Amino acid sequence: DVAEQLTPVLLDSAREEGLQLVSELKDPWAPCVDVSAVWWGAGGRRELCLVTASESALSLWGPLPPHCWGKLYTWHLQEVPVIQIVPLPDTCNLVCVALGELEIGEIRLLIYSSETDSFKHSLLKTGNIKAVVGLKDWRLVSSSRTMQEQQVEMVSLSESGGSKDRQTLMPPEETVTAFAEVEGMREALVGTTAGNSVVVWNLKTGQLLRKMHIGYSYPASICHRAYSDSGLLFVVLSHPHGKESECCGSPAFGVLAFNPRTGRSAAAASSGLPPGQPGRQGDVWDTAGAAVLTSGAVAVWDLLRGRCTALLPPGPAGHWALAR
Amino acid sequence: CSESDLGPISLNWFEELSAEAPP
């Protein structure tokens, strides 16, 4: 009910129940630029596998008993460097990847067909792509920009890896920097803009429903996830340029409650970095957030309570650089 | 977050905004 300013304190239980290193995937020839989890399988059986990306290749790893991982397949992508893996929820035998030099220039799908036991590439989109997100039900939304205009588009994917349908979404004036699906609302999508606003779309009609300013406390916020509850829209944001303050520490994630009817907002929860441990790179899944600290540790938060629940210190082999 | 801070709340905000926004 009340927006709390929670101090960044690591729960005592997190020290005891913190993250443990359970396995290592070693790929000495290729420094990792991204990692993601994917469902993979055949004949009705599927298991959670991992994909690691280097600039020129993607590797699929599967669990091997008892506690290790083996490389199942490698795709070589030598023409354009890999920038990121784009997770597509609820898909199987499919990896979506964004490629480019400094910015994303193309989005490709890599698909395995168990019927023909073969892999194939499919080019989904090209352009000067600023942001991309994979949504449930085989949908992908991206924003791209030319000198004159911005294009925001949703592509519905077919199981063979092609595009089944394309829906143009009305672009805001400002560049869209990130998208996030709204939990439990299939046709709603939120985005953040370069002008530090949250925008809301209707994915079915392509309408831009609302633009709501975030405020000046945390410039250039990035949205990760949104939930609609009791007539309010709760948006999980990270603050890549947030500054450390004495009272609140360094902000990692915040949950803002917006009233989409009026455009007004209030802070609902804030997750701060442990004192004296700056850091930024982060990711969100459901109501948990993770970030890499500059010290080389990984911190995990319960975003709705604004509490740091686990901390993984740097490993013997070095500092963590990326958390997914 | 109280209603006085955020203004009148509607459970059907998505449908209402979709009906009001330009097509």
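Each chain gets a letter, A, B and so on, in the order the sequences are listed, and its residues count up from 1. All figures in this text were calculated on a predicted structure; none of them were measured in a lab.
Neither the backbone nor the side chain of Val182(A) comes within less than 4.5 Å of any heavy atom of chain B.
Between Phe14(B) and Glu187(A) the shortest side-chain heavy-atom distance falls below 4.5 Å. Considering only heavy atoms from C-beta on, Gln207(A) comes within 4.5 Å of Ser18(B) through its side chain. The shortest side-chain heavy-atom distance between Thr205(A) and Pro23(B) does not fall under the 4.5 Å cut-off. Between Leu6(B) and Leu232(A), the closest side-chain pair of non-hydrogen atoms falls below 4.5 Å.
Using a 4.0 Å cut-off between charged nitrogen and carboxylate oxygen, Arg261(A) and Glu20(B) count as a salt-bridge pair.
Rounding to the nearest 0.5 angstrom, the gap separating the CG atom in Asn202(A) from the CD atom in Glu15(B) is 9.0 Å. For the atom pair CZ (Arg264(A)) and CD1 (Ile9(B)), the distance works out to 10.5 Å, reported to the nearest 0.5 Å.
Under the rule for a side-chain hydrogen bond (donor to acceptor under 3.5 Å, both in side chains), Lys136(A) has no partner lying at least two apart in sequence or in another chain.
Heavy-atom minimum distance, Trp13(B) versus Gly231(A): CD1-O, 3.8 Å. For the residue pair Thr262(A) and Pro8(B), the shortest heavy atom distance occurs at CG2-CD, 3.9 Å. Of all non-hydrogen atoms in Ala21(B) and Leu208(A), the two that sit nearest each other are CB-O, 4.0 Å.
Comparing Met170(A), Met185(A), Lys204(A), Arg210(A) by heavy-atom pairs within less than 4.5 Å of chain B, the highest count is held by Met185(A).
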